[in-house]
Amino acid sequence: MVKVIKYVVYDIIRNRFVIGYTLLLLVMSLSFFGFESDPNKGLLSMLNIILMVVPLVSIIFSTIHFYNSYEFLELLSAQPMSRKTIFFSQYLGVCISLSLAFLFGVGLPTYIFEGSERGFTLISSGLLLTLIFVSIAFFASVFTRDKAKGIGIALGLWFYLCLLYDGLVLSALLTLSDYPMEKASLVFTAFNPTDLARILVLMKLDVSALMGITGAVFQNFFSSKIGISVAFFLLILWIIIPIAWAFKLFNKKDL
Amino acid sequence: MKKLLAILLFTFPSVVFAKTWQVKNIIQLQNTVRIAQKGDIIEVFAGEYLFKDLNIDKSLTIIGKNFPVFDAQFRGEILTITANDVSISGIEFRNVGETSMIDWAAIKVLESERVMIFNNRFNHCYFGIYLSSSNHCSVQNNRVIGIPKEEQTTGNGIHAWKCDSIRIQHNYVEGHRDGIYFEFVTNSIIEHNYSTKNIRYGLHFMFSHRNAYQYNTFAKNGAGVAVMYTKGVLMKYNTFKDNWGGSAFGILLKDISDSEIEHNIFNSNTVGVYMEGCSRLNFKENIFNQNGIALRIQANCDENNIEHNNFLANTFDVATNGNAVFNYLKENYWDKYEGYDLNHDGKGDISYRPVSLFSTLIERMPQAMILLRSFTATLLDKIEKIIPSLTPENLKDENPRMKPNLIQPINA
Amino acid sequence: MTKKMIQFENINKSFGKLQVLKDISVSFEQGQSVAILGPNGSGKTTLIKTLLGMVVPDSGSIFFERQSIKNAFLYRNQIGYMPQIGHYPPNLKIRQLIDMMIDIRNSKENNIELDEELIDEFKLKTVESKPLGTLSGGTTQKVSAALAFLFNPKVLILDEPTAGLDPLSSEILKAKILKEKQNGKLILITSHIMSDLEELASHIMYLQDGKLQFFKELEFLKIEFCEERLNKIIALIMQKKTKIYT
């Protein structure tokens, strides 16, 4: 599999879109950290990029790439390779390329300007979100053979997870404010990877505020290592489940 | 020569007759305290002294050499001072037992004046130093370290009740209920103390007028610092940090009036300052950094001046529970301010409203905190900035600074 | 002595409501050169794809050298496939694509002798550092062809091999196909260029509406229809069919 991944990565990192994405991230990171005297504000601006731009680019690029590689996938499947190898070499190839772009565009400047635990949390949640949205993109792509439809599904998922979902949670909390919603609100976040990533960063950035929420469930969740471990674990599930499901579909799919 | 001696004897009787005793065990100590005369010095040599309830009823100076250990084995108090001009230093006090009837303390000072307690260590004592109705006493350079249990079964580190003109300086207090506790104490100074990891308050005082608190650090206490029902407080150059929790504050101000709070640093607290029923306070040149809520002003506060402070990297700058707040925000620096300064006078041309919609929302629904910094929360705040509707209209800084106010660092 | 290489047994396949392969049973032997013919949408490409494992039949089995290909992939070591239109990662260079294929096929470990004849004859070495995305359709076809023959496979599946090639290259490729046929390889070709097939094919397999109409030697067909030219024969077949249906 490594043999193929190598070439997939080689191909993608020469892609103009990916180069542009890297440069865009780099310019944004440098301007956020460069213009702000307070690295804390820089981190917060970076958080917005990580929660919006990174998922958007990851999901759209991966979807387009999948459809553009369709004939190549056919050619590979005429070779003595299992479907598993073909599929995961593509997936990992895209993951590695976009992670490299992210690490270069965001990881490096963050490390230079804010190489603290907070900076690392930011980088790792961005990295996890990259992998998650590539997974989701592959899932969307395997679902339908129609490229336009696939991109539509991917965009829809991004819109739902990154913009709409929190609004729905907020209105749910408002409507049900007479009930104890403590556990429920934590459960809500588990169903959205961007929320999980955001909370992971909040646990480093806004810990003083989070500790102000009364209620034992919150206190336990945010004050201990448990919260961080649970969030990480769920994020990793968010990588594994879509891609495993996507592979299941791909394995039976007629190319 | 004889004549000279006679004159000296006549002139300084106390000096000349003051005798220095040296004790090496508990029997000697108890006997010496009994037979020593007023003004005598007792030097206590290193060793274990297991006893309880020793009463010092005359002016003695007790000096520990290489920290002799006074151990009450949890059966009672150690020293009770009922005389003026007693000095206790260089001793390690250990294992004062707890009781619900009387507050047992390592050193209890009752109705005495000018008692000095310095350079001592206190380990695992129910109460450390307990001053009651004693004036002009000083407590300096002590290390008071307890092992906290429940709030009811843990005593205070340094406790003062009904005292006047006392000085609490350069002490380190850890692991008690309240690190330093003042009730009905007036005209006193608390400075250069470090109070940390106490299960309730690092500093707790009530009905204690005209005191000054300076250069202290209060860190990681269960609920921070509580200051209540007091007038004329001077709080300067203190650091309040890392007080986290559902009801933890850098400082809780309840019914405080006519006081000055200046040059303090509030760093990384769940709530930096919590004000309830406060009037005519001057908040100047404080730094609020990385707090959950920098400043919470309850609606029953009025006539407070909040000016030339720096608000940096707080999750929320100001929160309030009501609307009619007659408090004045002036020329503070708010790092969240996004205005402009066309005439270059260093002050923003549009006013800054430090209460965000999202923080108002969290007032009503604390669980909405999980949406902090989400797209939705940002959107709400942006809309509110353009069309203010829910956040208090009159709580705003008309002249926010474009750059942080120059505030001298604390030289502790 | 001929050897049964590939065997289809009662293959059925539907895409939704449309049944594209209907109970197809046929077997191919070593040394045959089979032209798979039929109108558009008759199921030629699907049949090839089932053989390559890209499409899984709803029922029936396919055997490659007497082994079922279900859930297998190593048998594809024996197959060289030339797709109708090659789409390759645009930023890879020709050399890298070839290297990748060599890597995949483990040819160094397996000691497969590489057949670089087409690479040489198409002069691909002179353009080997060009990214695949910049190649013309014809050059891409040359790359596809070269890759199909590179590993000296026992079976060659060529989907419209000469489409898009210039006459000279087309001749080179046809010569190569004939040469490999002579070497005892099994060759499956789909093409719309009858004159090419006339030269290349030994057998004709004719599909219509997903059904196998016949699988016969070209020589027999010529006798049967008293006609030398393949395109005439096919025209006759198609006419005959229409007659039957009308």
Side-chain angles (χ1 to χ4, degrees), chain A residues 1-20 22 61-62 64-90 93-94 96-97 100-101 142 144-147 247-255, chain C residues 13-16 20 45-46 48-58 71-93 95-107 110 112 131-133 140 143-144 147-148 150-151 153 155 157 159:
Chain A
M1 183 157 17
V2 182
K3 301 164 188 167
V4 185
I5 293 173
K6 196 169 69 187
Y7 294 102
V8 174
V9 171
Y10 181 92
D11 177 50
I12 296 175
I13 57 176
R14 268 163 187 70
N15 184 302
R16 237 178 284 160
F17 187 83
V18 173
I19 295 171
T22 315
F61 175 76
S62 308
I64 293 173
H65 174 82
F66 188 90
Y67 286 109
N68 287 351
S69 312
Y70 215 90
E71 286 85 359
F72 183 58
L73 289 181
E74 282 186 358
L75 182 79
L76 286 179
S77 62
Q79 308 305 320
M81 291 171 86
S82 65
R83 283 273 174 107
K84 201 178 194 168
T85 315
I86 296 167
F87 185 74
F88 284 103
S89 59
Q90 285 295 321
V94 176
I96 291 169
S97 316
L100 284 176
V142 171
T144 167
R145 180 70 182 89
D146 184 354
K147 185 172 175 178
F247 172 65
K248 220 178 139 191
L249 291 175
F250 181 80
N251 205 16
K252 290 182 190 151
K253 195 179 160 72
D254 297 322
L255 290 171
Chain C
K13 178 69 192 179
S14 307
F15 291 128
V20 280
T45 307
T46 309
I48 288 174
K49 283 187 168 183
T50 57
L51 176 58
L52 288 166
M54 292 181 208
V55 171
V56 183
D58 299 334
N71 297 323
F73 59 87
L74 284 175
Y75 74 94
R76 294 200 285 264
N77 262 321
Q78 312 295 336
I79 299 178
Y81 170 60
M82 178 180 171
Q84 194 167 7
I85 308 156
H87 280 269
Y88 301 107
N91 301 307
L92 278 192
K93 292 164 186 160
R95 184 71 245 166
Q96 287 170 317
L97 180 70
I98 293 170
D99 286 345
M100 180 178 88
M101 288 299 178
I102 293 172
D103 273 353
I104 291 171
R105 296 253 184 167
N106 280 328
S107 58
N110 296 359
I112 297 172
L132 290 155
T140 311
V143 173
S144 298
L147 284 176
L150 186 61
F151 301 97
V155 176
I157 300 173
D159 199 353

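Because only heavy atoms are used, hydrogens play no part in the values below, and waters and symmetry mates are left out as well, while side chains stay in. Chain letters run A, B, ... following the sequence lines, proteins first, then strands; residues in each count from 1.
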Against chain A, label Asn71(C) side chain, backbone, both or neither, depending on which of its atoms sit under 4.5 Å from a heavy atom there.
neither
Please find the pair of heavy atoms, one from Lys93(C) and one from Tyr10(A), that lie closest to each other, and give the distance.
NZ-OH, 3.5 Å
If you count heavy-atom pairs under 4.5 Å with chain A, which of Leu132(C), Val56(C), Val55(C) comes out on top?
Val55(C)
Could you look at Pro90(C) and say if it's the side chain, the backbone, both or neither that has a heavy atom under 4.5 Å from chain A?
both
Minimal heavy-atom distance between Lys3(A) and Ile104(C), with the atoms involved, is CD-N, 4.3 Å
Only pairs of heavy atoms separated by less than 4.5 Å count here; which of Thr50(C), Thr46(C), Leu52(C) has the most with chain A?
Leu52(C)
Sequence neighbours excluded, every pair satisfying salt bridge (charged side-chain N to carboxylate O under 4.0 Å, His left out) that has a member inside residues 69-82 of chain A:
Glu74(A)-Lys49(C)
Relative to chain A, which segment of Tyr75(C) carries a heavy atom at a distance below 4.5 Å: side chain, backbone, both, or neither?
neither
Residue by residue, scan residues 79-87 of chain C and write down, ordered by number, those that have a heavy-atom distance under 4.5 Å to chain A; if none do, write 'none'.
Tyr81(C), Pro83(C), His87(C)
Hey, does Gln79(A) have a side-chain heavy atom less than 4.5 Å from the side chain of Leu147(C)?
no
Taking the side chain as everything from C-beta on, heavy atoms only, tell me whether Leu75(A) gets closer than 4.5 Å to Tyr88(C).
yes
Proximity breakdown for Leu76(A) and chain C, heavy-atom pairs closer than 4.5 Å
side chain
Can you give me the closest heavy-atom contact between Ala78(A) and Arg105(C), atom names plus distance?
O-NH2, 4.4 Å
So, for Asp254(A) and Lys13(C), which heavy atoms are closest and what is the spacing to 0.1 Å?
OD2-NZ, 2.7 Å
Indicate the atoms forming the closest heavy-atom contact of Met54(C) with Ser77(A), along with that distance.
CG-OG, 3.2 Å
Interface moiety of Leu51(C) toward chain A, non-hydrogen atoms closer than 4.5 Å:
neither
Pick one of side chain, backbone, both or neither for Asn15(A), based on which atoms fall under 4.5 Å of a heavy atom in chain C.
both
Which atoms of Lys6(A) approach chain C - backbone, side chain, both or neither, heavy atom under 4.5 Å:
side chain
Determine the minimum heavy-atom distance between Tyr7(A) and Gln96(C), stating which atoms define it.
CE2-O, 3.6 Å
